Colleague: 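Handing you this structure, nothing more for now.
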Amino acid sequence: MKKLESFIESLPNISNPDQYGVYPLSINQVGQMWVFIVNKGLKDVIIAVGEGSSQFQGTPFNVGDVSCIEADLTHENGELIRSLFPFTKPIPVLNKMRSFGLGDRLGIAGPGHIKIFKKYDAYPVFVQQSIRELNLTHRTYEEVLDSATFFVYRDGYKDGFGADGDHLKKPEEIEYALRLGFTMITLDCSDYIRNDVSFLSDDEIDRICMIDESTKSKYLNKAFHAGTSTIEFSEKDLQKCILIYGKAIDYAVLIYHKYFSNPNHQVNFEISIDETATPTSPAQHYFVANELSLRGVHLDTMAPRFIGEFQKGVDYVGDIKEFEKELMIHADIARHFGYKLSIHSGSDKFSIFELIGKHTRGHFHVKTAGTNWLEAMRLVAIYDPNLYREIHKYALSMFNEAKKFYHVTTDLNKIADIDTLKDSDLVHLFSQNDARQLIHITYGYILNAKNSNDIYLFKDKLYTLWREKAEAYAELLEKHIGKHLDLLYLGFNQ
Ligand code: ZN
């Protein structure tokens, strides 16, 4: 190592740490080649040294008679890093005891996330984006995957991470994620879930749903036991299950057998039924799980919609006692069928994490996404108050537009007038739910806003600031996401 260090120091430009610093944990050897990442001010680059370095696409240079290359963090170079260093490639993680999804919409959260998961045994899913998020951020799955690969390589995270094609609905979306080596797919069945049924009268339900005899004998006048829970179906329950979930189950079965039933494919399968008008009752959860199981579907995780509200970026809204009661049954059902519960919109649900850890007995998958964006904006409020003020005002102007896509109960009147706030108080907006949701749901508008000359209003300035304050952002994330994990672990680590 000593020899390498002096060799690295002898490379052109690298001796000036202000411009060109080697990330010490990124130094790896493969065959006769050394590969590491250096900070080149506004960007990171790969340096490969020695025999084989020409496999990277970049600018060659020589040090003495040693050939080297400086390579950008492109998809091609990401592919090469993944093939040379397998720890930078995603692995299936839903089948592990516990896992935690981290949607890094901006491609900057990796270092903070890595700090956290060096401390916990939950497996991180560093790559986790929905198609909607890709569209709003103008990113591709290639970029999302590469971003995780390079951070994992750079910061020496070698314990394995997952890649989630999140909330995918169409076969071509699933194929896209699988082609790139994603290790889990979250199938969103919401297009096949009938949301109107919960609002129909009993008579109307009778009119549109006749249950066949074999289904009746399968479910009625029976008690199903799952752990300590007992699930029973009334005829009305059963009709609703069939009406609400019947088509979604058919679709999940089709997708599963097309893409996931081949045992050679090491890809986890999650089904999400959380995007519905009403909560998934325990009986409905049991029905969906049972039908899928009877039809040969092996689930790794399922995301029901829990009772109460899981609004974006704020704590759980609802009766915690009720939540706990139903969570216990949901957890029993999941254990009975051999999968983990997946908790969607899991950002900032601090008042229930301990219960989730407890009743799942530490077997869970929790997804977070928007809170990483909110922490990035908290950073802006701290370090560039003027930029934050501009963005905040812009967000207010776009709020009604953005609200169409989210279920939030934000009251803009409760947000302090930003012109009356001192710079040092701006950060407190991130402790106020309405202000959090304002910034949370307008992220796409903020990132995409352009002036009449087609220049981004905020995006470039934001990325420059996030790069300059990368260390501070990592610390914010470590603290904030760390709090999620602390509480989850408290539930089962006693
Ligand atoms: Zn969801």
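For clarity, every value in this text was computed on a predicted model and none was experimentally measured. As the structure lists them, so they are numbered: ligands from 1, and atoms in each ligand from 1.
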Colleague: Taking the basic N atoms (NZ, or NE/NH1/NH2) and the acidic carboxylate oxygens, is any pair closer than 4.0 Å for D206 and K236?
Modeller: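 Yes, this pair counts.
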Colleague: With ring centroids as reference points, do Y157 and F87 lie under 6.0 angstrom apart?
Modeller: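 No - the distance between ring centres of Y157 and F87 does not fall below the 6.0 Å cut-off.
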Colleague: Using ring centroids (six-membered ring only for Trp), state whether F126 and F151 fall under 6.0 Å.
Modeller: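 When the ring centroids of F151 and F126 are compared, they turn out to be at least 6.0 Å apart.
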Colleague: Decide if the gap between the ring center of F224 and the ring center of Y219 is smaller than 6.0 angstrom.
Modeller: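 Yes, the ring of F224 comes within the 6.0 Å limit of the ring of Y219, centre to centre.
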Colleague: Around the Zn ion (ligand 1), how many protein N/O/S atoms fall inside 2.8 Å?
Modeller: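 Count of protein N, O, S atoms less than 2.8 Å from the Zn ion (ligand 1): 3.
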Colleague: Which residue is it: Y259, F182, Y339, Y256? I am looking for the one with a ring pair (Phe, Tyr, Trp, His ring centres under 6.0 Å) to F269.
Modeller: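 Considering Y259, F182, Y339, Y256, a ring pair (Phe, Tyr, Trp, His ring centres under 6.0 Å) with F269 is found only for Y256.
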Colleague: Centroid separation under 6.0 Å, is that true for the rings of H167 and H344?
Modeller: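 Ring-ring flag for H344/H167: true, centres closer than 6.0 Å.
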